[in-house]
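Working notes for the structure below.
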Amino acid sequence: MREPTAGCEALTAPPAELASTEFSSLYAENSRAIYYLALRYLSDPQKAEDATHDVFLKAFRKLDQFRGEASLRTWLYRIAINHCQNLRQGWHDRHVFSNVDDAVWENAVARTDSPLRVLETKELGQRIQKALDGLSDEYRLLLLLVADEELSYEQVGVLVGQSPDAVRGKLHRARKVFAALFEKTA
Amino acid sequence: MKHQSKLSAEQHQQHAAEQQTQSKSAREFASAEELLRYDAAHTPVPPDIARRLQKSVGPAKPPPRSWWRNLFGW
């Protein structure tokens with residue numbers, strides 16, 4: 001994962017002066033990342049579409065509050081994570097979800113140091129979703145954030161409320177569990 | 001004998017072709033993150049989101065009034 005150079009992510013102009021074309025640029029540069037997070041976290045394309053729309057609408061309305069202390073990408077992720085977690089919490093309160101115990105899979109015989117081999121990429125998205133659905137919310141979110149090369153471990157740590165070292169430790173376990181679950185989807 | 005050798009040659013060719021196909025479509029990802037990055041790169045954003053957002057955000061702000069319009073109250 002790339003470590004950002006100091007100050008490279010700060011805005012060059014105060015948010016209040018951003019014109020609509022700059023918001024379009026904001027959307028163009030970040031929509032794929034936000035949509036992908038919503039899609040794989042919520043496990044529902046329609047909900048992901050709605051969530052992405054709501055996230056960017058919130059961002060548009062709160063742009064004047066953005067002080068440039070974090071990168072725009074991090075700020076958008078913060079909005080997206082809060083939004084998606086609120087949605088999932090709402091569903092959890094209304095439905096019974098099987099709570100996967102990550103510890104069970106951490107001890108599974110998974111060749112985590114071996115590459116993940118995929119014979120057919122046609123249904124890869126479904127397999128990935130199935131494996132992610134088997135993870136706890138914490139591990140799922142961690143893997144999705146770390147997969148974004150524009151985020152450093154420090155930024156991921158800020159987003160999940162953990163130190164970078166804690167992120168690295170949990171990431172190692174999350175990879176292990178994911179690999180074991182992914183193998184089962186073949 | 002000839003028939004048998006022809007069959008085995010055909011079977012051999014078919015097996016080689018299958019192996020080639022498998023090796024072409026098989027991909028290896030060093031980590032879960034690499035797999036997710038590949039997936040993300042091949043997951044298009046629905047264009048409807050931008051259209052809905054445009055509606056929700058509303059029309060673009062009008063340009064600021066010229067100073068002479070402000071001066072003359074036009």
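In the text below, chain A, chain B and the rest are named by the order of the sequence lines, each starting its count at 1. The analysis underlying the following values was restricted to heavy atoms, covering all of them including side chains, and did not include hydrogens, waters or symmetry mates.
- Taken together through direct or relayed side-chain contacts under 4.5 Å among Ile, Leu, Val, Met, Phe, Trp and Tyr, Leu145(A) and Val158(A) form parts of separate hydrophobic clusters.
- At a threshold of 4.5 Å between non-hydrogen side-chain atoms, the residues Phe23(A) and Leu53(B) count as touching.
- Contacts between Leu39(A) and chain B at a heavy-atom distance below 4.5 Å involve the side chain alone, from C-beta outward.
- In this structure, the portions of Phe56(A) lying under 4.5 Å from any heavy atom of chain B include both its backbone and its side chain.
- Between the side chain of Arg37(B) and the main chain of Asp148(A), no donor-acceptor pair closer than 3.5 Å is present.
- With a 4.5 Å cut-off on non-hydrogen atoms, Ala50(B) touches chain A through its backbone and its side chain both.
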Handout entry: Arg40(A) vs Asp39(B), salt bridge (charged side-chain N to carboxylate O under 4.0 Å, His left out): CA-CA, chis, key distance, verdict
Key = CA-CA 10 Å; Arg40(A) 293 293 177 233; Asp39(B) 185 40; 2.8 Å; yes
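- The CD atom of Glu33(B) sits 6.0 Å away from atom CG of Leu143(A), with the distance rounded to the nearest 0.5 Å.
- Between Ser56(B) atom OG and Arg61(A) atom CZ the span is 7.0 Å, to the nearest 0.5 Å.
- Glu34(B) meets the salt bridge (charged side-chain N to carboxylate O under 4.0 Å, His left out) test with no other residue; sequence neighbours excluded.
- The OH atom of Tyr38(B) lies 13.5 Å from the CG atom of Leu116(A); values are rounded to the nearest 0.5 Å.
- Leu132(A) has its side chain within reach of Leu36(B): a pair of non-hydrogen atoms, C-beta onward, lies under 4.5 Å apart.
- Applying the side chain to side chain donor-acceptor pair (under 3.5 Å) rule to Glu123(A) yields no partners; only residues at least two apart in sequence or on another chain are considered.
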